[in-house]
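See structure below.
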Amino acid sequence: MDSGRSPASIHSSVNSPVCFVPPSRSVKRPRPVKSCLECRKRKLKCDRTSPCSQCQKTQRACRYAAEGEAVSPSDGSDVEVPERTAKRTRPVISQEPSQRGTNYAAVLEDHATRLERLESHLSGSTSSIAESSGPPAQRPAASSLTIRGLTVKGGLRTRFFGQSSTRVLVNLFDEAKDFMFSRNKSSDIRELFLNIQKIHKALQDEHRKATAPLTVFVDSMTPIQKRMADVLPSRAVCDKLLNIYLSASETIYRVLHIPSFMDQYIGYWEGKPQPDAFLPQLLPILCVGYRFVGAGKGQYHDRDGIHIPTASSLVRTWLDGLRGKQLVEFSTLQAELLQLMAQRMINPQNQESWTHLGLIVRMAMTMGLHRDPSEFGPKISPFWAEQRRKLWYTILELDVHMSMQCNLPCCIREGDFTCLPPRNLNDEDIYPNIEQLPPSKPIDQYTDARIQVFAANTLSIRLKVVELINRTDSLQDYQQVLEIGNELERVFEDVRYIVPPAAHLGDRTEYRQKWQSRIILDMHCRRPLLALYRPFALGSPDVPQQIMTGYLRSSIILLSYLDELDPSTPDYHHIWHMHQLVLKQDILQAAFSVCYYMKQVSNGSTSMDLMNSDSPIKLESVEEACTIASDSSVLLSFPRLKTTVQRVLDNMLNRIREIGTDLRDIVSLTVVFNTSQGGTPEQKRDATKSGVQAILDAGLQAIHANQEKITSMSIMPPSISGTMNTTQTNTSFMHNAQPFIATADALNTMPDDFSALWDMEFWNPFLPFGLS
């Protein structure tokens with residue numbers, strides 16, 4: 001369009017005769033080479049510094065072409081290129097008014113013809129690209145019931161659940177759902193469920209008391225700093241818990257500059273005054289360290305540790321009392337993050353953590369952490385610039401992790417920040433008065449920041465995963481899913497190169513450190529890959545085999561992290577506890593996923609037997625894909641899948657008393673596992689009954705009860721029983737059952753309504769249909 005010409009000239013030229021003249025030849029002038037070789041090769045915008053920001057961000061070697069050095073024209077546009085072929089001749093308008101009307105229509109017709117030809121060309125190009133990429137792409141079509149769920153109570157209270165929730169995963173198993181929700185259970189199965197519900201209620205009451213802060217501290221009128229000092233354990237205990245935190249958590253989640261914090265820590269015990277934010281930072285650190293020590297730690301007040309609910313509540317009180325400029329202090333943001341980590345140790349509710357993290361993200365943005373400190377010149381010293389980068393990327397990591405766990409969008413999107421990743425340096429290499437940061441060390445060299453730096457380089461891919469899994473309904477094919485999956489697979493190769501599996505020979509501490517580094521790096525990319533493949537591998541028809549096999553392989557790898565360690569080593573139980581604590585939800589989802597493959601493989605074997613007997617039945621595509629995935633490796637064989645899930649169930653039973661353990665998860669996985677192995681209905685029923693009985697036995701041992709005591713226990717809390725008696729529903733069978741005791745006669749008369757399983761406190765047969 002000739003947008004720069006006057007209306008008169010346009011009118012005149014459009015209505016003028018048309019003649020054709022050859023265009024003048026255009027020669028591109030040679031320009032000096034200014035961009036670095038890496039930016040030209042990747043066609044990125046280079047700021048032409050040494051090293052440039054693009055190379056710093058991706059940890060690449062930045063190099064410029066030497067004077068007189070030959071450079072390939074494909075490396076960039078700074079060099080002279082061969083002369084272009086002459087453009088197609090075009091009409092040049094002459095100024096002859098006699099042909100206005102005729103040529104006006106001719107020009108319009110010519111434009112219309114050219115536009116039609118262009119559309120046809122583009123349509124043909126798109127078709128050829130689609131045909132050359134393989135078979136026609138299928139639009140992903142997984143059932144929404146297997147991806148997300150929503151509970152509605154009273155029409156006003158609603159809660160969203162994502163694809164990793166048990167109540168969503170169980171929708172993949174119709175036979176297991178029928179077993180749990182059927183109204184026609186035999187009396188022995190119904191009695192098992194009733195007794196398990198009583199154990200669940202007893203454990204929930206115990207957890208509720210254990211997670212309540214001590215009122216003598218939280219309700220005291222003593223100054224908050226004094227109360228926080230009063231809940232501190234001895235110096236020796238603090239030293240131990242602090243070391244555990246630094247080695248276990250200050251890896252990918254970098255919050256502290258360790259030398260500076262240790263100076264404050266030592267000064268505190270020497271009686272020197274410290275900043276007001278010191279104790280609010282120390283208490284959460286001790287809470288996280290104590291929770292990592294072993295099962296049940298931090299739930300009860302003892303002298304060998306710290307009471308996590310009380311300490312976390314006191315820090316929250318201190319944070320809520322800050323005003324004005326205190327809210328934008330760097331130390332305040334550190335305390336907020338540490339308090340969130342400590343709270344998750346006793347309250348692993350992902351959606352609450354996701355909500356709280358959203359406030360922290362906005363707090364960090366108001367402090368400008370999302371912008372790189374170099375944008376503000378000398379206002380921020382090199383030392384604090386690096387601390388800001390570390391803390392910002394810690395927030396990013398938590399945002400990505402929590403968003404995937406909740407299946408909700410990230411608070412931060414790619415492009416919302418310009419902050420560069422931190423450098424691969426030890427904390428001792430930088431100090432507050434440093435004038436210039438030392439150069440970053442190679443990524444294969446171990447430092448305090450290596451894990452965070454490597455993870456920061458994969459952040460862009462993981463942000464794409466979170467964005468994609470929240471818009472699966474809009475995908476037209478699997479192309480983008482496969483491309484991102486391939487990128488993540490290449491990251492695993494990088495992890496194996498940077499931290500290769502080490503032999504058991506040599507220093508045990510060094511071996512454990514390398515193992516921990518490799519597992520952390522692998523885990524933070526294995527989670528996104530599982531979240532990416534999950535909606536399609538479990539329930540989507542005609543899914544590519546790469547997704548089916550890749551999802552099963554990643555699930556087994558995640559469930560087999562501990563196979564590299566020797567169970568006889570003294571610290572194995574400590575590592576096992578941390579593994580179960582950190583990966584609890586990931587382990588549960590992976591176990592359900594493996595059961596899905598087991599179910600499809602067993603169904604496929606039955607169908608194959610029928611096909612071999614001259615039956616016209618054709619193998620289903622999902623069953624066939626799962627069978628191919630299981631047969632692709634010995635590690636994915638059916639016996640190995642079965643053994644892996646059984647081990648998960650055994651571990652969950654051993655931790656049945658732990659805070660955060662939900663008996664409903666264990667029961668659901670047990671029923672799903674035993675109904676997915678194949679066999680006759682009688683065999684499945686007996687195996688499931690045996691599995692549920694094992695849960696009952698473990699629960700009785702956890703609450704220190706026996707069969708007679710559990711039979712006489714009340715099954716419903718008073719608040720629910722009062723609601724039951726005022727309800728208009730026909731509940732005459734309950735009017736003379738105060739308190740609500742499960743007797744043999746009651747088992748045969750109660751309306752076994754298991755259909756509202758997840759909308760009630762548990763499988764509660766006393767509640768009539770629709771009451772919650």
Side-chain angles (χ1 to χ4, degrees), residues 163-164 166 169 172-173 404 465 481 485-486 488-493 495-496 499 501 515-516 518-540 543-567 575-576 579-580 582-605 622-652 665 668-670 672-674 676-678:
Q163 61 182 12
S164 60
T166 301
L169 288 166
L172 294 163
F173 307 93
M404 283 190 297
V465 172
V481 177
N486 289 333
L488 289 171
E489 291 288 356
R490 287 192 290 270
V491 172
F492 299 139
E493 297 177 3
V495 171
R496 287 189 290 269
V499 192
W515 174 85
Q516 178 180 334
R518 188 174 67 260
I519 295 304
I520 292 175
L521 292 175
D522 184 275
M523 172 186 66
H524 277 78
C525 288
R526 191 75 59 184
R527 281 170 168 167
L529 184 65
L530 288 169
L532 175 68
Y533 285 169
R534 155 73 175 88
F536 315 110
L538 306 185
S540 181
V543 65
Q545 189 62 43
Q546 174 184 333
I547 294 178
M548 297 297 296
T549 304
Y551 185 76
L552 178 60
R553 185 191 303 112
S554 286
S555 296
I556 291 296
I557 289 175
L558 187 142
L559 295 175
S560 305
Y561 280 153
L562 293 179
D563 290 356
E564 299 180 33
L565 301 180
D566 183 4
I575 299 174
W576 175 85
H579 175 265
Q580 299 293 325
V582 173
L583 293 177
K584 181 179 76 72
Q585 185 171 345
D586 304 282
I587 291 173
L588 185 64
Q589 177 181 341
F592 271 105
S593 302
V594 172
C595 288
Y596 178 83
Y597 281 79
M598 290 172 54
K599 181 188 73 169
Q600 300 299 335
V601 171
S602 61
N603 292 342
S605 300
V622 175
E623 297 171 358
E624 186 178 5
C626 290
T627 303
I628 294 173
S630 179
D631 293 342
S632 64
S633 171
V634 176
L635 300 179
L636 307 181
S637 62
F638 190 89
R640 174 65 185 271
L641 302 183
K642 182 178 177 180
T643 303
T644 302
V645 178
Q646 185 61 62
R647 184 174 56 191
V648 171
L649 283 170
D650 294 341
N651 291 336
M652 294 176 72
D665 294 340
S668 299
L669 182 58
T670 298
V672 164
F673 173 62
N674 287 287
S676 300
Q677 300 181 39

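Values below: all heavy atoms of this structure, side chains included; hydrogens, waters and symmetry mates excluded.
The side-chain heavy atoms of L583 and Y561, taken from C-beta on, include a pair separated by under 4.5 Å. Side chains of V495 and C525 form no contact here, defined as non-hydrogen atoms less than 4.5 Å apart. F536 is not listed as a side-chain neighbour of M548, based on a closest heavy-atom distance of 4.5 Å or more. With contacts defined as side-chain heavy-atom distances shorter than 4.5 Å, the pair Q585/D665 does not qualify. S164 has its side chain out of reach of R527: every pair of non-hydrogen atoms, C-beta onward, lies at least 4.5 Å apart.
Rounded to the nearest 0.5 Å, atoms CG (L558) and CZ (R553) are 14.0 Å apart. Between atom CG of residue L559 and atom OG of residue S554 there is a gap of 10.5 Å, rounded to the nearest 0.5 Å. K584 contributes atom NZ, which lies 7.5 Å from atom CE of M652 (distance to the nearest 0.5 angstrom). The line from CG of L169 to OG of S668 is 9.5 Å long, rounded to the nearest 0.5 Å.
No donor-acceptor distance shorter than 3.5 angstrom exists from the side chain of S630 to the backbone of C626, with no hydrogens or angles considered. In terms of modelled atom types and a separation under 3.5 Å, the side chain of Q600 and the main chain of T627 share no donor-acceptor contact. Judged purely by atom type and a 3.5 angstrom limit, S602 uses its side chain to pair as donor or acceptor with the backbone of K599.
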Discussion item. Determine whether Q677 and N674 satisfy the following criterion, side chain to side chain contact (heavy atoms under 4.5 Å, CB included), listing intermediate values before the conclusion.
Written reply: CA-CA 6 Å; Q677 300 181 39; N674 287 287; 3.7 Å; yes
Discussion item. If you apply the rule side chain to side chain contact (heavy atoms under 4.5 Å, CB included), what do you find for F592 with L172, and how did you get there?
Written reply: CA-CA 9 Å; F592 271 105; L172 294 163; over 6 Å; no
Discussion item. Determine whether F492 and L529 satisfy the following criterion, side chain to side chain contact (heavy atoms under 4.5 Å, CB included), listing intermediate values before the conclusion.
Written reply: CA-CA 11 Å; F492 299 139; L529 184 65; 3.6 Å; yes
Worksheet item: Run the side chain to side chain contact (heavy atoms under 4.5 Å, CB included) check on T644 and V594 step by step: do they pass?
Response: CA-CA 9 Å; T644 302; V594 172; 5.6 Å; no
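Considering every non-hydrogen atom in both L641 and I556, the closest pair reads CD2-CD1, 3.5 Å. Heavy-atom minimum distance, R640 versus D563: NH2-OD2, 3.5 Å. Taking all atoms of both residues into account, the shortest heavy-atom contact from L669 to L588 is CD2-CD1, 4.2 Å. Between I547 and Y597, the shortest heavy-atom distance links the atoms O-OH, 4.4 Å. Taking every heavy atom of both residues into account, V645 and A591 meet most closely at CG2-O, 4.0 Å. The two residues L636 and A629 have their closest heavy-atom pair at CD1-O, 3.4 Å.
Salt bridge status for R518 with D522: absent, with no side-chain N to carboxylate O gap under 4.0 Å.
Every residue two or more places apart in sequence or in another chain that forms a side-chain contact (heavy atoms from CB on, under 4.5 Å) with A531 is listed here: Q163, M404, I469. Listed by chain and number, the residues in a side-chain contact (heavy atoms from CB on, under 4.5 Å) with L562 are W515, L565, Y572, I575, W576, H579 (sequence neighbours excluded). Annotation: side-chain contact (heavy atoms from CB on, under 4.5 Å) contacts of T643 (sequence neighbours excluded): none.
For the residue pair S593 and Y551, a side-chain donor N or O sits within less than 3.5 Å of a side-chain acceptor on the partner.
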